[in-house]
Visitor: 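Structure incoming, see below.
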Protein chains: 2
Amino acid sequence: MNYFLLGQSELFAGIEAGELDNLLDCLNPVKKTYQKGEYICRAGEPLRFMGFVLSGSVNIERNDAWGNQSLLGRVAAGEVFGETYACVPGEILMVDVAAVEPCEILFLDMGKLLTICSSACGFHNRLIQNLVRVMAAKNLNLSRKINDTAPKSIRGRLLSYLSYQVVKQGGYKFEIPFNRQQLADYLGVDRSAMSNELSKMQREGLIEYRRNWFWVKGE
Amino acid sequence: MNYFLLGQSELFAGIEAGELDNLLDCLNPVKKTYQKGEYICRAGEPLRFMGFVLSGSVNIERNDAWGNQSLLGRVAAGEVFGETYACVPGEILMVDVAAVEPCEILFLDMGKLLTICSSACGFHNRLIQNLVRVMAAKNLNLSRKINDTAPKSIRGRLLSYLSYQVVKQGGYKFEIPFNRQQLADYLGVDRSAMSNELSKMQREGLIEYRRNWFWVKGE
DNA sequence: TCATTTCCGTTGTTTTAACAACATACATTC
DNA sequence: GAATGTATGTTGTTAAAACAACGGAAATGA
């Protein structure tokens, strides 16, 4: 097990390496590996475990009955997915989870995780607090996506997304983690129309960009 | 304090009346009252406490700089709001919280809530598990809103919303909790255009409706 | 019951984004 | 470095939603 990654992760933050063994014994996780492009979970299935990405990264996607795809987010190594569904018994997955690259996933039983196991593993409490923070952060990401898609115009959505990137990345020049098609999916707009709008915004001097690098011009 | 409501709520579910006193002593909550239309929290503020609605109900709204309003949801008595923000120190509110009617709010300190207080209040663990489930449920609601606004067409959004109501309310005839303007805000579309689309769908025999009552016709 | 207000549906116009099709730039591989 | 494939940008057309304005129905309150 990669203890360094675990220690670095949000979920296991603040738990000492010595305690991790106890904790993992208590949680009894299952490790699985996946190929690039392989589906880890499919919409419609129930989910009893939460997933912790040990290596690689996964996409959270929604593919509706008519073939429209919407990229909801990406989960990198050290991050988790499915914790929400795993908390609500009987709830079925609304999204697909797919491996972007080869990856290893650690599946954690939510029932065991939420049950304090007497004194055997002293850091169990800490784990739960971390989980709550992780869920809160994820919640905020969802809220952010809602904000970014709330404006009716493509420009409004782009400005919402880019403004937040300025704050998040702490500067007016930054790199975004999406290509055009993915950004368009995230914002719920047509790619070419979005490219068009980006061009206009650049001509008007609002922004400059080159591939994935953006420069938002002042206030 | 209304112990009956507390016992009925998700957050305090499974905690006996006798234990509630200990628990509340430990949490040391603050109670405030608000008038109809009054803002309980404003976007841009940080939030150190989570809110528990003792009576009345509140709207979660987003009002952007250009005056566009988007209704994100409603929180009724016995439900909570702001728990996400309260979990992430330094995070500022992206939304406004407004009283729909006169209401009483109990503010709970998240720091105290997440810290297990030795053996004094035995149901503290239960409270935390409840909180996690509440956050998960809220998370799913956000996901649902994202799903409902993912389709590009008004009809697609309506079908997404109505299909879920069928599942949620367990039947093809149901009442929705929004008026037309609020539903349009929730779906992120124009009210009159939505009315128009509803008419079309009724003419085509997909649905029937009368005010807030809807009847979704078959599969 | 009447007056007032709020809510809902309809229509026509305008704006905007989706869509399709193509051109160009970039990256990758051999 | 040539060839291929992928990503991005551009343009014109079409479809759809936003918008504005209004009429009528239903709820509300005196």
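By convention in this document, chain letters (A, B, ...) are assigned in the order of the sequence lines, proteins followed by strands, and residues within each chain are numbered from 1. For the numbers below, each heavy atom of this structure counts, side chains included, while hydrogens, waters and symmetry mates do not.
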Visitor: Nearest to the side chain of B:R191 - C:dG9, D:dC19, C:dT10?
Guide: C:dG9

Visitor: Please figure out whether A:D190 or A:R211 has its closest DNA chain C nucleotide nearer the 5' end.
Guide: A:D190

Visitor: Between C:dC7 atom P and B:F178 atom CZ, what is the distance in whole Å?
Guide: 15 Å

Visitor: Is the cationic atom of B:K32 (NZ for Lys, CZ for Arg) positioned less than 6.0 Å from the six-membered ring centroid of B:F107 and within 45 degrees of its normal?
Guide: yes

Visitor: Let me know, please, whether A:R180 or B:R157 comes out on the 5' side of the other along DNA chain D by nearest nucleotide.
Guide: A:R180

Visitor: Please check if the side chain of A:S9 supplies one atom and the backbone of A:L6 the other of a donor-acceptor pair under 3.5 Å.
Guide: yes

Visitor: Would you tell me if any nitrogen or oxygen in the side chain of B:N196 comes within less than 4.0 Å of OP1 or OP2 on D:dA18?
Guide: no

Visitor: Through what angle, rounded to 10 degrees, does the axis of the helix from C:dT1-D:dA30 to C:dC30-D:dG1 turn between its ends, using five pairs per end?
Guide: 60°

Visitor: Of A:A193 and B:Q181, whose closest DNA chain C nucleotide lies nearer the 5' terminus?
Guide: B:Q181

Visitor: Any N or O donor-acceptor pair under 3.5 Å from the base of C:dA17 to the side chain of A:S153?
Guide: no

Visitor: Examine distances only and state if a side-chain atom of B:Q202 and a backbone atom of B:Y209 form a donor-acceptor pair shorter than 3.5 Å.
Guide: yes

Visitor: Please report the distance, rounded to the nearest Å, between CG in B:L187 and C1' in D:dA17.
Guide: 14 Å

Visitor: Side-chain N or O of B:Y209 less than 4.0 angstrom from OP1 or OP2 on C:dC8?
Guide: no

Visitor: When you measure from the side chain of A:E104 to the backbone N and O of A:K31, does any donor-acceptor pair fall under 3.5 Å?
Guide: no

Visitor: Given C:dC7, C:dA17, D:dC19, identify the nucleotide with an atom nearest to the side chain of A:E197.
Guide: C:dA17

Visitor: In whole angstrom, give the distance that lies between atom CE of A:M194 and atom P of C:dA17.
Guide: 13 Å

Visitor: Test the A:K145-A:Y186 pair against the cation-pi criterion, namely NZ or CZ under 6.0 angstrom from the six-membered ring centroid and within 45° of the ring axis.
Guide: yes

Visitor: Between C:dC7, D:dA18, C:dC19, which nucleotide has the shortest distance from any of its atoms to the side chain of A:S192?
Guide: C:dC19

Visitor: Check the pair B:Y39, B:Y34 against ring-ring contact (aromatic ring centres under 6.0 Å, His included), reporting the backbone distance first and the verdict last.
Guide: CA-CA 8 Å; B:Y39 282 102; B:Y34 296 87; over 10 Å; no

Visitor: Please check: side-chain N/O of A:R157 versus main-chain N/O of A:L187, any donor-acceptor pairing under 3.5 Å?
Guide: yes

